[in-house]
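Side chains are part of it too, since the values below use all heavy atoms of this structure and drop only hydrogens, waters and symmetry mates.
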Amino acid sequence: MLDLKFVCENIEKVRKNLNQRGDFSKLLDQISAANEKRKKIITESEKLRQEQNKVSEEIAKLKKEKKDAKRQISEMKGVSDRIKQFETELNHEEKKIKDILLNVPNLLHDSVPVGKDSQDNKEIRKWGTPPKFDFTPQDHLVLGEKLNIIDIERASKISGSRFALLKGWGAKLERALINFMLDLNTKEGGYQEILPPFMVNQTAMTGTGQLPKFSEELFKVQDSEYYLIPTAEVPLTNIYRDEILDKSQLPLYLTAYTPCFRREAGSYGKDVKGLIRQHQFNKIELVKVVEPESSYEELEKLTQDAEKILQRLELPYRIISLCTSDMGFGAAKTYDLEVWFPSQNCYREISSCSNFEDFQSRRMNLRYRPDPKSKPRFPHTLNGSALAVGRTLIAILENFQQKDGSIKIPQALQSYVGTDKI
RNA sequence: GGAGAGGUGGCAGAGCGGUUGAAUGCGGCGGUCUUGAAAACCGUUAGGCCCGUAAGGGUCUCGGGAGUUCAAAUCUCCCCCUCUCCGCCA
């Protein structure tokens with residue numbers, strides 16, 4: 001959520017920035033107008049309240065002295081009604097402002113490349129070289145079926161489309177990856193491991209920005225107010241919602257393994273084959289809460305933490321900076337990590353690392369105190385996948401496949417899987 | 001699921017419907033004392049919003065919402081959460 005005051009005081013600047021994401025001009029004007037009205041109402045009603053408080057005090061004094069206060073009481077009867085009227089109007093304007101503000105995306109950082117679609121995303125760097133095969137490499141589905149470790153058909157029998165069943169070494173590899181990533185994040189990255197709830201309430205979803213705008217992407221649990229998390233970002237970032245953290249608690253580094261649940265509405269026909277796009281997938285997430293001054297430095301570090309996993313797994317990847325039109329709703333800047341997929345002969349997203357600045361912390365009223373004497377401020381929040389586990393698994397299958405259809409296990413992972421080949 | 005208890009400032013814990021944003025204690029910060037520290041003593045210590053260049057002034061907030069009243073932390077109703085006991089259960 002943007003700062004109302006900032007928006008109203010810098011409306012042309014905000015308009016120009018948001019123009020890169022779409023047309024929010026009308027909404028901004030509505031906000032500005034509603035805010036003017038709001039301020040007027042407040043000024044008027046506070047005058048009345050002041051009078052009410054003063055006279056109430058007089059009444060109290062008179063009563064104490066056992067004197068008559070009838071005149072004052074009847075005088076105040078009308079005042080109280082008018083205050084209530086103002087209150088109603090004020091609530092109306094404030095709700096209007098909040099409803100709009102919750103649906104306005106974050107301002108983009110100056111360094112975000114300008115572009116009109118994903119073609120304009122900017123490659124930042126590349127690591128590793130795509131493997132050369134002296135045979136035609138298979139895609140992960142073919143490999144998975146041959147090895148009897150991925151079963152899509154039976155998964156659709158018990159659930160539906162966009163679900164998968166991992167079996168035997170497949171299941172074990174997935175589990176090994178989870179442990180490997182968590183270990184790396186905690187031991188080398190300094191992240192605290194969290195095992196959060198996989199269902200959260202509406203307030204949490206609003207805090208990180210999934211609601212109110214993107215409800216069609218979420219699974220809601222019937223007969224309850226719970227939503228299945230689409231990413232661990234939601235429970236992790238919301239842990240300290242409505243709190244004022246001490247400066248000594250920052251920076252906060254959190255990591256968690258969770259399954260993620262997404263409706264994938266609007267992705268009909270996209271990635272229908274295989275494990276790329278599922279309704280349920282495993283992910284290890286990194287979340288940071290940091291002081292504003294250091295957040296962009298922290299974004300670089302967080303991205304490197306995610307990269308490190310791919311490097312240890314010897315998977316070739318590249319990093320791109322998402323361009324203005326490809327950026328997500330709440331992010332000010334995003335790097336995507338894309339891993340090499342031999343079967344598709346291209347890089348595909350395996351992690352997304354973003355700085356949300358104070359967009360989320362303002363939504364969830366998460367603050368920190370820079371020092372004991374100063375006012376609380378909104379910290380910056382960041383998150384990134386490290387990594388999407390299912391996509392990592394298939395990247396390993398495809399990049400480490402051998403001529404005979406077997407899969408070599410990357411060195412770093414062998415002790416976790418318990419074999420060097422499947 | 002059943003029965004009961006309770007939600008007040010960073011924490012603990014008071015609070016006859018009327019100068020109570022809120023006693024007191026602890027903690028935090030500043031100071032006095034001390035060679036230094038501790039102790040003791042003194043002072044200070046919530047957040048949001050509005051007006052104002054500022055100094056400052058005003059206003060709201062005692063889990064959330066609605067109501068009664070000239071006036072609500074205090075009374076009424078609804079909701080949420082926590083704890084204890086019983087039942088069920090991984």
Side-chain angles (χ1 to χ4, degrees), chain A residues 1-10 31-102 195-207 211 220-221 223-227 235 238-250 252 259 289 358 361-379:
Chain A
M1 189 163 69
L2 301 181
D3 180 18
L4 175 62
K5 215 181 237 167
F6 182 84
V7 170
C8 292
E9 284 170 6
N10 303 274
I31 290 175
S32 177
N35 190 39
E36 286 308 311
K37 207 165 160 192
R38 167 183 160 266
K39 288 205 278 193
K40 242 176 236 155
I41 296 168
I42 289 175
T43 309
E44 286 301 306
S45 73
E46 286 196 349
K47 260 188 229 159
L48 285 179
R49 279 188 201 275
Q50 187 171 4
E51 194 194 337
Q52 188 187 43
N53 287 340
K54 221 166 80 192
V55 177
S56 282
E57 225 169 89
E58 281 173 31
I59 294 172
K61 211 176 274 174
L62 288 173
K63 292 249 172 184
K64 216 177 216 171
E65 294 165 4
K66 307 239 192 270
K67 287 183 187 160
D68 182 60
K70 262 188 196 134
R71 188 179 59 80
Q72 283 85 344
I73 288 175
S74 68
E75 196 181 306
M76 282 303 100
K77 267 186 181 160
V79 171
S80 140
D81 284 345
R82 275 197 289 160
I83 290 175
K84 259 174 207 164
Q85 219 170 327
F86 275 128
E87 189 93 335
T88 309
E89 284 177 51
L90 181 64
N91 283 344
H92 177 76
E93 292 307 315
E94 289 191 329
K95 186 176 182 307
K96 191 153 94 189
I97 291 169
K98 192 157 193 207
D99 283 350
I100 298 175
L101 235 31
L102 283 175
L195 187 61
F198 301 160
M199 293 190 274
V200 300
N201 57 33
Q202 184 190 315
T203 314
M205 285 291 189
T206 307
L211 290 178
K220 187 169 185 191
V221 179
D223 300 326
S224 84
E225 290 307 309
Y226 298 127
Y227 293 85
N238 274 285
I239 290 178
Y240 298 102
R241 181 180 75 215
D242 282 320
E243 293 190 33
I244 299 176
L245 300 172
D246 193 85
K247 180 182 166 150
S248 63
Q249 291 174 269
L250 301 185
L252 215 53
V289 178
D358 61 7
S361 54
R362 180 172 288 108
R363 277 176 168 253
M364 64 178 76
N365 197 28
L366 163 63
R367 291 171 295 172
Y368 82 102
R369 206 184 294 278
D371 71 85
K373 276 188 190 155
S374 51
K375 289 270 168 196
R377 304 173 71 192
F378 292 110

Separation of B:G58 C1' from A:E44 CD (nearest whole Å) = 14 Å
task = Tell me which of A:E51 and A:E57 sits closer to the 5' end of RNA chain B, going by the nucleotide each one is nearest to.
result = A:E57
query = Which whole number of Å gives the distance between the C1' atom of B:U20 and that of B:U8?
reply = 12 Å
message = Taking only side-chain N and O atoms of A:N365, does any of them lie within less than 4.0 angstrom of OP1 or OP2 on B:G47?
response = no
ask   = With rounding to whole Å, what would you report as the distance between B:U45 and B:G25 at their P atoms?
value = 15 Å
key: Heavy-atom donor-acceptor pair, A:T206 side chain to A:Q202 backbone, under 3.5 Å   = yes
inquiry  = If I take atom CD1 in residue A:I41 and atom P in nucleotide B:C60, what distance separates them, rounded to the nearest angstrom?
reply    = 17 Å
request  = Determine, step by step, whether A:R71 and A:E75 satisfy the salt bridge (Lys or Arg N to Asp or Glu O under 4.0 Å) criterion, reporting the C-alpha distance in whole Å, the side-chain angles of both residues, the deciding distance to 0.1 Å, and the verdict.
outcome  = CA-CA 6 Å; A:R71 188 179 59 80; A:E75 196 181 306; 3.3 Å; yes
key: Atom P, compared across B:G9 and B:G15: separation rounded to whole Å   = 16 Å
RNA chain B: stems of at least 3 consecutive Watson-Crick or G-U pairs whose donor-acceptor distances fall under 3.5 Å = B:1-7 with B:80-86, B:10-12 with B:24-26, B:27-32 with B:40-45, B:46-51 with B:56-61, B:63-67 with B:75-79
Test side-chain contact (heavy atoms from CB on, under 4.5 Å) applied to A:S224 - qualifying residues, sequence neighbours left out = A:V221, A:Y226
request  = Going 5' to 3' through nucleotides 61-83 of chain B, assign each nucleotide B (protein heavy atom under 4.0 Å from a base atom), S (under 4.0 Å only from sugar-phosphate atoms) or - (no protein heavy atom that close).
outcome  = -------S-BS------------
query = Is it the case that A:D358 and A:S361 place a side-chain donor and acceptor less than 3.5 Å from each other?
reply = no
query = What interatomic distance, in whole Å, is found between P of B:A72 and the corresponding atom of B:G17?
reply = 14 Å
query = Can you check whether A:M364's main-chain N or O pairs, donor with acceptor, with A:R241's side chain at less than 3.5 Å?
reply = no
query = Can you tell me how far P in B:C85 sits from the matching atom in B:C16, rounded to whole Å?
reply = 31 Å
message = Taking side-chain contact (heavy atoms from CB on, under 4.5 Å) as the definition, give me every residue that meets it alongside A:D242, ordered by chain and number, with sequence neighbours left out.
response = A:N365
inquiry  = Closer than 4.0 angstrom, basic N to acidic O: yes or no for A:D81 and A:K77?
reply    = no
key: Donor-acceptor contact below 3.5 Å, side chain A:R369 vs main chain A:K247   = no
inquiry  = Once salt bridge (Lys or Arg N to Asp or Glu O under 4.0 Å) is applied, do any residues pair with A:K220, and if so which ones, sequence neighbours excluded?
reply    = A:E225
task = Provide, to the nearest angstrom, the distance between the CD atom belonging to A:Q249 and the C1' atom belonging to B:G10.
result = 11 Å
ask   = Does a side-chain N or O from A:R369 land closer than 4.0 Å to OP1 or OP2 of B:G28, or not?
value = no
Interatomic distance at P, B:C78 relative to B:C86, whole Å = 28 Å
inquiry  = For a quick check, with a 4.0 angstrom heavy-atom cut-off, what is the B/S/- contact string for nucleotides 48-54 of chain B, read 5' to 3'?
reply    = SSBS---
key: Passing option when A:N91 is tested against A:E93, A:K95, A:E87 for side-chain contact (heavy atoms from CB on, under 4.5 Å)   = A:E87
inquiry  = Distance check, C1' atoms only: B:C49 and B:G21, in whole angstrom units.
reply    = 16 Å
query = Rounding to the closest angstrom, what is the interatomic distance between B:A66 and B:C80 at atom C1'?
reply = 15 Å
message = Under 4.0 Å between a side-chain nitrogen and a carboxylate oxygen: does that hold for A:K54 and A:E51?
response = no
query = Roughly how far apart are A:R363 CZ and A:T203 OG1, rounded to 0.5 Å?
reply = 12.0 Å
inquiry  = Does A:D246 reach a base, just sugar-phosphate, or nothing at all? Heavy atoms under 4.0 Å.
reply    = nothing
